[in-house]
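Atoms within a ligand are numbered from 1 in the order they appear, just like the ligands themselves.
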Amino acid sequence: MATTATQPAALILIGMAGSGKTTLMQRLNAHLHSIGRPPYTLNLDPAVAELPYTANIDIRDTVNYKEVMKQYNMGPNGGILTALNLFTTKFDQVLGFVEKRADQVSHVLVDTPGQIEIFTWSASGAIITEAIASSHPTVVLYVVDTPRCSSPATFMSNMLYACSILYKTRLPFMLVFNKTDAQPHDFAIEWMTDFEAFQRDVHQRDDTYMASLTGSMSLMLEEFYNCLRAVGVSAVTGAGMDELFAAVDECVKEYETEYKPEMERLMREKVLSIESIGM
Ligand SMILES: Nc1nc2c(ncn2[C@@H]2O[C@H](COP(=O)(O)OP(=O)(O)OP(=O)(O)O)[C@@H](O)[C@H]2O)c(=O)[nH]1
């Protein structure tokens with residue numbers, strides 16, 4: 001299973017609100033326990049009402065986002081972002097706890113806030129992601145609500161979002177089409193691999209400016225699709241878990257051969273430039 005000699009692989013679950021991140025966390029956790037490879041679980045969503053799994057580290061134990069809202073006179077999104085910012089100041093301690101258990105766990109599973117932009121476009125989200133990726137083979141699992149993506153325009157906007165996260169983090173990345181019990185994800189794979197099939201479906205359903213915009217943007221995404229892994233799962237039934245972990249293993253190899261050498265090169269450059277300033 002996917003670990004380096006010393007460190008367990010970290011899986012960061014990111015996705016639109018309601019895509020099924022928390023349910024998938026529960027499923028991944030249950031699956032790994034069932035094969036005798038328990039993971040370490042982190043919940044970074046301060047606003048989740050109930051967790052269907054036991055988190056080893058839960059942001060809600062450190063900060064109460066409703067109190068933050070009151071104290072700083074903020075709305076819910078401001079409260080969640082500030083709670084995440086406050087938690088980030090202690091993230092070195094969190095990594096310390098993970099390190100202590102590193103030899104006993106197979107993976108580190110990370111659940112992120114429902115409001116996707118709070119994690120993906122905040123300084124805190126970037127700091128947390130980079131801190132994890134500097135010490136663990138790290139993979140982004142972009143969770144997609146498959147039934148809600150069956151219209152080409154919705155599919156396209158979700159893929160553009162995924163693409164922006166891939167290029168921002170540069171981490172090994174996989175699309176996880178969730179809820180395949182409600183709708184199989186074959187249409188999505190066809191749209192990603194057959195440009196003409198996507199164009200046909202765009203124009204069959206809609207012939208407005210939106211359709212031509214969607215069609216043109218799909219051209220841009222061809223390269224993105226080519227370098228991506230995509231799996232279909234159901235967090236509810238557990239279908240697709242073996243494919244998901246096989247893809248995670250591939251991503252871990254990519255981390256070792258591409259992300260890590262580049263990260264180390266950048267760190268060496270930084271050290272050199274600091275040393276040259278000091279001289
Ligand atoms: N049919 C089906 N429903 C699912 C599946 N996974 C999640 N759901 C449902 O989708 C809804 C949202 O699931 P959550 O796990 O709360 O999604 P989330 O992405 O964590 O939600 P936020 O934290 O609000 O962003 C719930 O009603 C789940 O029961 C699945 O595989 N199949």
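Under 3.5 Å, the side chains of Q7 and S135 contain no donor-acceptor pair of N or O atoms.
With hydrogens and angles disregarded, a donor-acceptor distance shorter than 3.5 Å links the side chain of K21 to the backbone of M16.
The side chain to side chain donor-acceptor pair (under 3.5 Å) test applied to T138 returns no partner, not counting sequence neighbours. In this structure N77 satisfies the side chain to side chain donor-acceptor pair (under 3.5 Å) test with no other residue, sequence neighbours excluded. Remark: Y259 pairs with no residue by the side chain to side chain donor-acceptor pair (under 3.5 Å) rule, at least two apart or across chains.
Every protein residue with a heavy atom nearer than 4.0 Å to ligand 1 is included here: M16, A17, G18, S19, G20, K21, T22, T23, D45, G114, N178, K179, D181, S234, A235, V236.
Nearest heavy atoms, P261 versus E256: CD-O, 3.3 Å.
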